[in-house]
Amino acid sequence: MEEYVFNVNLKGMLDILSNHLYSTPKVFIRELLQNSVDAINLRRSYESFEDPRIDIIIEENKSLTFRDNGSGLTEEEIHKFISVIGQSSKRDSRMSFIGRFGIGILSCFMVTPEITLRTRSYKTPDKVYEWHGFTDGKYTVSEISDDMKTGTEIYIKPSPSSESLFSFSDILGTVRYYGLPVQYPIYVTRGNFSARANPLFNKTSTSDRENVLSMGRHIFGTDFDFLDYIPLESESGLFSGVAYILPFTVSAASVRKHRIYLKNILLTEDGASILPEWAFFLKCFFNTDKLSATASREDFYRNELLDTAKKEISQCISSYLERISIQNPTLLARIVSLHGLALKSVAAENERLFKIFMPYFNFETSFGIRKGKMLMNYDYSIFYTTDSETFRQLKPVFCEKDELLVNCGLVYDKELISMLEKLNLAHTEAINTNLLNTMLEDPDETDDLFFLWLVATKALEQYDCSVCIKNFSPSQLSALYTTNSDGEISKEIEKTKQNSDEIFLNMLDSLGEELLYISPAMLYLNAGNSIITKLSHLDNPEKIQTFVRILYFNALITGGFPVSGSDLSIANEDLIKLIEWGL
């Protein structure tokens, strides 16, 4: 059987790189940085030499020369690693390299039709080679006479569409963006002017804290001071860096840009794969040497090591917050006031962090706004409702009874209140219709109240609202409207059944057997209220129904529940009747 060799279409490869693999043509700077850093690391692993550095020389909008004094390449290595797509020179078992895919230098073809590479290897210091590569897949290699030092120099001219990328300011900004924490000096030069591209660790203060905060402003280019910083130091050596706490509230859905580096070269600004979801109040800057990158080198490869790193980062942040709860509770209180939602989300799932943060959270209660610390030390039952409208309706009742009702209508509040029960810190109980019935007092049974209940029930039948007559405080409150979640479900089932086919109807019938139809709402009439007392003495059903509907609509509006236009029309008609009756 005859064997054949794959032919690679270089133009097709370039299309894949520029349109599918890389997010921007500027990544050619990142790829060249990676190659230079790896070359310097390789040379240092074999011999010691002074002043490792990377130089980038710009002729404005005309050319770029990228030079390093790393290991260089032999002629054999040029043919093997530069000219073979997919072959990588990063094979040394003692070293950890970024560029594993052998396509880095090809990225230059996204901005130029021709690449010139000159190199002197530390292995063959008496020889200098020049390689010319073209987009049609052809290349040449020749030995030249040149006094260049050990290392590699790459020279490119921009294609017409890429000339704007070859400006001094653009190249300097791109190098700082991708290579800010590179441990070797990087200089960008134009004419007689040269700028250090990675002056990251310059100290500006005698205070370590101020230096780290100043570094954060420099990294992220902010015009504000961060609230504080959190050291990100992996116990297993997976990463090292800093998380900066934003001094203002941000949405969990907001786009957050971090600086996450792999072997000191920028990998991504998106921390979704490695940062905890609740860390949206942070801007993170850290480097990792041990994790792996995807083929595009713009995100991390998903594996167990990445999961470990994510857990360790979460632990670093949690430990910091736990520490300042003891050492600087004022700072923690400020962080909670700004980023309470993020901290609530983690406290609702982590018992240790719950005990740290819960005292600082604010809750709306029948006693006013109260801190979580008060709830943690409350000796009586804590009642709660997840419906804010229901809370507003029930608040005066619980105030009069001197009972604690908490509004858990905000995200994570229910989970936090439930955690009190789970940790045996308090007894909590959700408000529902059955519980409310037992909490409110039954009035003395009379024929007048029974007649009122009968007529009122008829009046509200069309609104799927039941009526219950109770005694409750304050006596000034004539009626109280509440909803029932089971009742809402039951109501939706009944509505759906009207427009369902036979198969789906049988399914709904089965569900209906488990959940008997319950009225989705309840109007409590206060037997101790003077209006209800007078209403119970009326013997005219039409007048009673008119009054009850007005009380119903008033309770809806007071509780913040929606009222339709047709309901308002009925209410107006009922008010006109009162005027006509002279009542």
Side-chain angles (χ1 to χ4, degrees), residues 361-372 374-375 378-410 413-414 416-417 420 426-444 449 452-453 456-457 459-460 463 465-485 487-488 519-536 547-563 567 571 575:
F361 295 142
N362 287 325
F363 294 88
E364 184 180 13
T365 78
S366 52
F367 298 162
I369 301 298
R370 291 292 184 268
K371 293 286 186 184
M374 176 262 192
L375 304 183
Y378 194 67
D379 294 329
Y380 306 98
S381 293
I382 298 175
F383 300 97
Y384 68 90
T385 174
T386 57
D387 185 85
S388 295
E389 287 79 11
T390 299
F391 171 81
R392 285 194 288 270
Q393 279 281 74
L394 297 180
K395 181 179 177 180
V397 177
F398 278 78
C399 282
E400 287 292 327
K401 294 174 65 66
D402 199 30
E403 296 273 11
L404 180 61
L405 176 66
V406 180
N407 179 13
C408 289
L410 299 177
D413 280 5
K414 177 187 175 183
L416 292 171
I417 295 300
L420 291 171
H427 173 66
T428 64
E429 196 165 352
I431 289 292
N432 54 43
T433 303
N434 292 333
L435 177 61
L436 195 58
N437 275 330
T438 60
M439 293 183 67
L440 302 180
E441 298 176 5
D442 290 321
D444 296 332
L449 288 178
L452 172 61
W453 173 82
T457 298
L460 301 185
Y463 303 109
C465 180
S466 299
V467 176
C468 187
I469 301 177
K470 293 278 189 177
N471 272 323
F472 52 89
S473 297
S475 60
Q476 295 87 350
L477 187 63
S478 58
L480 180 67
Y481 177 85
T482 65
T483 57
N484 184 299
S485 57
E488 291 286 353
S519 176
M522 178 74 74
L523 183 70
Y524 291 93
L525 299 178
N526 189 357
N529 178 264
S530 57
I531 294 176
I532 303 303
T533 300
K534 290 183 178 180
L535 197 59
S536 67
F547 271 103
V548 168
R549 281 194 298 268
I550 291 173
L551 290 172
Y552 167 75
F553 293 129
N554 182 65
L556 283 178
I557 295 169
T558 302
F561 294 95
V563 179
D567 288 341
L575 287 171

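Note that the structure is predicted; figures quoted are calculated from it, not measured.
The shortest heavy-atom contact between Gly528 and Ser475 is O-CB, 4.0 Å. Considering every non-hydrogen atom in both Pro474 and Pro396, the closest pair reads CD-O, 3.6 Å. Residues Asn529 and Ser478 approach most closely at OD1-CB, 3.3 Å, considering heavy atoms. Nearest heavy atoms, Leu405 versus Lys395: CD2-N, 4.3 Å. In plain terms, the two heavy atoms of Ala527 and Ile532 that are nearest each other are CA-CG2, 4.3 Å. For the residue pair Tyr481 and Ala521, the shortest heavy atom distance occurs at OH-CB, 3.1 Å.
The side chain to side chain contact (heavy atoms under 4.5 Å, CB included) test with Ile431 is passed by exactly one of Thr482, Leu394, Thr386: Leu394.
For the atom pair Met522 CE and Cys468 SG, the distance stands at 5.5 Å (nearest 0.5 Å). Rounding to the nearest 0.5 angstrom, the gap separating the CG atom in Asp387 from the CG atom in Asn407 is 8.5 Å. Distance OG/Ser366 to NZ/Lys401: 11.5 Å, rounded to 0.5 Å. With values rounded to the nearest 0.5 angstrom, Thr385 atom OG1 is found 11.0 Å from Arg392 atom CZ. With values rounded to the nearest 0.5 angstrom, Asp413 atom CG is found 6.0 Å from Leu416 atom CG.
When side chains are defined from C-beta on, Tyr463 counts as touching Phe553, because their heavy atoms get closer than 4.5 Å. Contact of the Leu449 side chain with the Pro443 side chain is registered, since non-hydrogen atoms from C-beta on lie closer than 4.5 Å. For the pair Val406 and Glu364, the minimum side-chain heavy-atom distance is 4.5 Å or more. Side-chain contact check for Asn362 versus Lys371: some heavy-atom pair is nearer than 4.5 Å. Using a 4.5 Å heavy-atom cutoff, the side chains of Lys414 and Tyr384 are in contact. Looking at Phe367 and Leu404, their side chains come closer than 4.5 Å, going by heavy atoms from C-beta outward. The shortest distance between side-chain heavy atoms of Leu535 and Thr533 does not fall below 4.5 Å. A heavy-atom distance below 4.5 Å is found between the side chains of Val548 and Leu460.
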Practice task
Could you please spell out the steps behind the side-chain contact (heavy atoms from CB on, under 4.5 Å) verdict for Phe363 and Ile417?
Solution key: CA-CA 10 Å; Phe363 294 88; Ile417 295 300; 4.2 Å; yes

Practice task
Dump the intermediate steps for side-chain contact (heavy atoms from CB on, under 4.5 Å) on Leu525 and Leu523, then the final yes or no.
Solution key: CA-CA 6 Å; Leu525 299 178; Leu523 183 70; 3.9 Å; yes

Practice task
Decide side-chain contact (heavy atoms from CB on, under 4.5 Å) for Leu440 and Val397; before the verdict, give the C-alpha distance in whole Å, the side-chain angles of both, and the deciding distance to 0.1 Å.
Solution key: CA-CA 9 Å; Leu440 302 180; Val397 177; 3.9 Å; yes

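Of the N and O atoms on the side chains of Lys470 and Asn526, not one donor lies less than 3.5 Å from an acceptor on the other residue. Using modelled atom types, one finds no donor on one side chain facing an acceptor on the other under 3.5 Å when comparing Glu441 with Asn471.
In this view, Thr428 and Glu421 satisfy the side-chain hydrogen bond (donor to acceptor under 3.5 Å, both in side chains) rule, not counting sequence neighbours. Partners of Ser530 according to the side-chain contact (heavy atoms from CB on, under 4.5 Å) rule, which considers only residues two or more places apart in sequence or in another chain, do not exist here.
Panel note: side chain Trp453, backbone Val467; a donor-acceptor pair is recorded below 3.5 Å.
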